[in-house]
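Predicted, not measured: the structure shown is a model, and the values here were computed from it. Residue indices begin at 1 and follow the sequence shown. No hydrogens, no waters, no symmetry mates; every other heavy atom, side chains included, goes into these values.
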Amino acid sequence: MTADRSDIRLAAQPEHVRISFDDNALLPLLYGEFDRNLARVEQQLAVSLSSRGNTVAIRGPAGPARIARDALAALYGRLERGLGVDQAEVDAAIRLAEGAANGVAEAADTPVIHTPRRHVTPRSPGQARYMTALREAELVFGIGPAGTGKTYLAVAEAVAMLNSGAVDRIILSRPAVEAGERLGFLPGDMREKIDPYLRPLYDALYDMMHFDQVTKRLDAGQIEIAPLAFMRGRTLSNAFVILDEAQNTTQVQMKMFLTRLGEDARMVVTGDLSQIDLPPGATSGLAHAVDTVKRIEGVRIVEFDDSDVVRHDLVVRIVQAYDDPGEDRRR
């Protein structure tokens, strides 16, 4: 029996909340070594937690206390499903519980993407919406700052669909926008020249699949990684197609890419409109596309903000600093 809401008992005072769990064997994993997971909840929500047996008592303001309760219930549910709990997952459970409390996320079970190397779950309300969109829609735009998991989650869904046979191949692409060096002056053949631009996509693949599997599928053509220019003239059917860093496309490039979509294919376009590297005066194809296709049936647009950043805490503060309208944004 899981620690769902029927297992949660509220004391007479709203600031004193208790939650009980059935499986004592899972409690060391839930609490963490030296109760560090409980300490993290206390730190993040400014509440006080004390454990006795299979019960955790939570004291603090009513709102944060209930968020702490829901976060612990979600973490316990992860353990029941055989998933791990670490500090990142504790932070994720808190963000999701806060989102549910504020009406921007559902409190129900969150989606899971199953890949050969890991089970991927959302770490923010925005990620939960994005993962649902990836599962349901044929064309998805993921827009937001660095560290929100836009590319990582798209690659995870692509790997899961390839592994299940839902698609025959994965195609990963980026615009090769130059930043200080001309491609022609870089050493090596064409593949060696473009690999640095596509390295983040390789990194995500290796996180989802074993190295030999990635190599085998690359050699067989089941996974293709190519710059955007190589997409012209193709029809991409039975494929999961991802265009990363799409803020650096022109309007012509974006139209070309979107019209490559073929039968039984999925397409995901990701980018950060605050990091456009196009020449001055050029309009981002991503910005234009979102405004153009937003009312088309079958298209889903998920926008992330700094509350969805799931990297180091310092990254969140950096994103917030750059988004502060009082800051000098000269580059």
Partners meeting side-chain contact (heavy atoms from CB on, under 4.5 Å) with [X] (sequence neighbours left out):
{"X": "Q253", "answer": "L228, T249, T250"}
{"X": "D244", "answer": "T151, R174, L201, T270"}
{"X": "A88", "answer": "D86, R123"}
{"X": "A46", "answer": "none"}

Please check if L218 and V159 belong to a single hydrophobic cluster, counting links between Ile, Leu, Val, Met, Phe, Trp and Tyr side chain heavy atoms closer than 4.5 Å. yes
When clusters are formed by joining ILVMFWY residues with side-chain heavy atoms under 4.5 Å apart, either directly or through shared neighbours, do L261 and L243 land in the same one? yes
Please check this pair: side chain of [X] against backbone of [Y], looking for a donor-acceptor N/O pair closer than 3.5 Å.
{"X": "K150", "Y": "G144", "value": "yes"}
{"X": "S173", "Y": "A226", "value": "yes"}
{"X": "N37", "Y": "L30", "value": "yes"}
{"X": "Q127", "Y": "T148", "value": "yes"}
{"X": "R59", "Y": "V47", "value": "no"}
{"X": "R69", "Y": "I19", "value": "no"}
{"X": "D308", "Y": "S124", "value": "no"}

Which pairs of donor and acceptor atoms, one on a side chain in residues 208-216, lie under 3.5 Å apart (sequence neighbours left out)?
from	atom 1	to	atom 2	distance (Å)
Q213	OE1	H210	N	3.3
T215	OG1	F211	O	3.0

Residues two or more places apart in sequence or in another chain: which of them pass side chain to side chain donor-acceptor pair (under 3.5 Å) with [X]?
{"X": "E42", "value": "none"}
{"X": "E157", "value": "none"}
{"X": "Q43", "value": "R40"}

Does any non-hydrogen side-chain atom of V241 lie less than 4.5 Å from one of R260? no
Between side-chain atoms of residues 292-303 and protein atoms elsewhere (two or more places apart, or another chain), which donor-acceptor pairs fall under 3.5 Å?
from	atom 1	to	atom 2	distance (Å)
T292	OG1	H288	O	2.7
K294	NZ	D291	OD1	3.2
R300	NH1	E136	OE1	3.1

Give every residue pair that meets the side chain to side chain donor-acceptor pair (under 3.5 Å) criterion with at least one member in residues 227-239, sequence neighbours excluded. E224-R234
Nearest heavy-atom approach of F257 to I242 is CZ-C, 4.3 Å
So which atom in I113 and which in L153 form the shortest heavy-atom distance, rounded to 0.1 Å? CD1-O, 4.0 Å
Just by distance, with hydrogens left out, do R95 and S307 show a side-chain donor and acceptor under 3.5 Å apart? no
Under the rule for salt bridge (charged side-chain N to carboxylate O under 4.0 Å, His left out), what residues qualify as partners of R36, not counting sequence neighbours? none
Do the side chains of D207 and R117 get close enough for a salt bridge, i.e. N-O under 4.0 angstrom? no
Interatomic distance, CG@L286 vs CG@D272, rounded to 0.5 Å, equals 9.5 Å
Sequence neighbours excluded - ring pair (Phe, Tyr, Trp, His ring centres under 6.0 Å) pairs with any residue from residues 111-153: H114-H119, Y130-F304
